Amino acid sequence: MNSRRRFLLRALAASSALLLSGCDRLSRSEWFTSILDSAEKLTLGAQRLLQPRKAMAQEFTEADLSPDFRSNGTDNPDNPEYQALAASHFSGYRLQVGGLVAQPRAYSLAELKAMPGRTQITRHDCVEGWSAIGKWKGVQLSRVLEQVKPQPSARYVVFYCADPMDELGTRYYESIDMDDAWHPQTLLAYELNDEPLPIENGAPIRVRVERQLGYKMAKYVMRIELVERLDHIAGGKGGYWEDQGYEWYAGI
Ligand SMILES: Nc1nc2c(c(=O)[nH]1)N[C@H]1C(S)=C(S)[C@@H](COP(=O)(O)O)O[C@H]1N2
Ligand SMILES: [Mo]
């Protein structure tokens with residue numbers, strides 16, 4: 001981990017400590033303390049008090065588009081299966097959707113593109129200190145959820161990615177709660193700025209979850225799983241960066 005990232009992680013930790021002290025008065029009420037028993041949940045709780053969870057992230061116009069939408073993190077997964085899919089323009093790609101659903105299924109890219117789409121121009125904020133405004137098109141995750149029918153016990157949606165992050169082959173992954181999963185701006189995106197999603201930005205499918213920070217927006221999504229708990233998956237914190245200490249809830 002580089003020094004800039006360490007600095008930002010400390011800054012993130014400090015800001016949640018600040019929020020903690022700001023909410024001290026609220027936390028004297030016992031019921032409040034019991035549901036908000038960690039800084040992470042406190043952040044989520046504070047966000048929900050300030051802004052109803054149905055709120056939309058700001059959308060912009062074509063005039064606001066960044067000249068270039070940079071790539072960050074993996075820019076080409078070092079994975080032979082992924083490389084084979086890319087070589088055939090993802091004709092063999094199948095997005096697996098399973099876990100706590102009544103009707104698990106797999107979607108080809110063509111099937112996802114044939115579903116009703118949504119286009120949105122939004123700002124992406126990375127904790128490493130850059131932002132960019134891009135135009136995304138994709139299918140709303142809610143459309144897929146309607147088809148696979150989550151079971152009542154499903155509490156999180158987990159995205160498994162193609163890119164190995166280290167020599168051991170640890171893969172990038174992320175997770176969101178059902179509020180974000182059903183949110184109208186949460187997309188399985190396949191276009192960026194009116195072009196097919198470039199490999200460096202997550203082809204063939206990357207998540208847009210617009211009220212969250214950049215690291216929540218999984219690229220190279222291969223499989224989606226609905227789960228009740230996150231603690232049995234990988235490092236147990238709900239995402240690759242969360243397992244290294246980032247906040248799970250990165251709402252802004
Ligand atoms: N699979 C995967 N998803 C990922 C990453 C990654 O390295 N691998 N990086 C994350 C981070 S930190 C950011 S800021 C955005 C970057 O998206 P971009 O490459 O389109 O700019 O993707 C996020 N999703
Ligand atoms: Mo990021």
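For the single chain, residues carry numbers from 1 onward in sequence order. Fair warning: this is a prediction, and the values are worked out from it, not measured in the lab. In each ligand, atom 1 is the first atom listed, and ligand 1 is the first ligand listed.
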At a 4.0 Å threshold, what atoms of ligand 1 neighbour a non-hydrogen atom of N72? 9 (N), 12 (S), 14 (S), 16 (C), 18 (P), 19 (O), 21 (O)

side-chain contact (heavy atoms from CB on, under 4.5 Å) between R211 and V209: does it pass, once the steps are laid out? CA-CA 6 Å; R211 300 173 305 172; V209 48; over 6 Å; no

N/O separation below 3.5 Å, Y215 to ligand 1: no

Any idea which atoms of ligand 1 are less than 4.0 Å away from a heavy-atom of M217? 22 (O), 23 (C), 24 (N)

Taking only heavy atoms of G73 into account, list the atoms of ligand 1 that are under 4.0 Å away from them. 7 (O)

Set out, in order, the CA-CA distance, both residues' side-chain angles and the distance that settles side-chain contact (heavy atoms from CB on, under 4.5 Å) for K219 and C161, then state yes or no. CA-CA 7 Å; K219 307 195 282 188; C161 308; 5.9 Å; no

Considering only NZ, NE, NH1 and NH2 on the basic side and carboxylate oxygens on the acidic side, decide whether R155 and E225 come within less than 4.0 Å. no

List every atom of ligand 1 that sits less than 4.0 Å from any heavy atom of C161, numbering the atoms from 1 in the order shown and giving each element. 1 (N)

Does Y173 have a heavy atom less than 4.0 Å from any atom of ligand 1? no

Do ligand 1 and W130 have nitrogen or oxygen atoms that lie under 3.5 Å from each other? no

In ligand 1, which numbered atoms sit nearer than 4.0 Å to a non-hydrogen atom of C126? 14 (S)

Compute the minimum heavy-atom distance from K216 to ligand 1 and say whether it is under 4.0 Å. no

I'd like to know if E128 contacts ligand 1, where contact means a heavy-atom distance under 4.0 Å to any ligand atom. no

CG/D78: more than 12 non-hydrogen atoms of other groups inside 6.0 Å: no

side-chain contact (heavy atoms from CB on, under 4.5 Å) evaluation trace for L226 with Q151: CA-CA 9 Å; L226 281 82; Q151 295 170 12; over 6 Å; no

Logged contact type for F69 with ligand 1, heavy-atom cut-off 4.0 Å, is side chain

Polar-atom distance check: N201 versus ligand 1, any N or O pair below 3.5 Å? yes

Run the salt-bridge test on E242 and K216 with the 4.0 Å N-O cut-off and return the result as yes or no. yes

Part of H124 with heavy atoms under 4.0 Å of ligand 1, whether side chain, backbone, both or neither: side chain

Here the atoms of ligand 1 under 4.0 Å from any heavy atom belonging to Y220 are 1 (N)

What I want to find out is whether R70 reaches D68 closely enough, with some N-O distance under 4.0 Å, to be called a salt bridge. no

Determine, using the 4.5 Å side-chain heavy-atom cutoff (strictly less than), whether Y156 and M217 are members of one ILVMFWY cluster. no

The test is side-chain contact (heavy atoms from CB on, under 4.5 Å); show your working for F159 and R206 and say whether it passes. CA-CA 9 Å; F159 305 99; R206 72 96 46 87; over 6 Å; no

Can you tell whether the side chains of R171 and D163 come within less than 4.0 Å, N to carboxylate O? no

Considering both backbone and side-chain atoms of W241, is one of its nitrogen or oxygen atoms within less than 3.5 Å of a nitrogen or oxygen in ligand 1? no

Under 4.0 Å from one or more heavy atoms of E200, ligand 1 contributes atoms 19 (O)

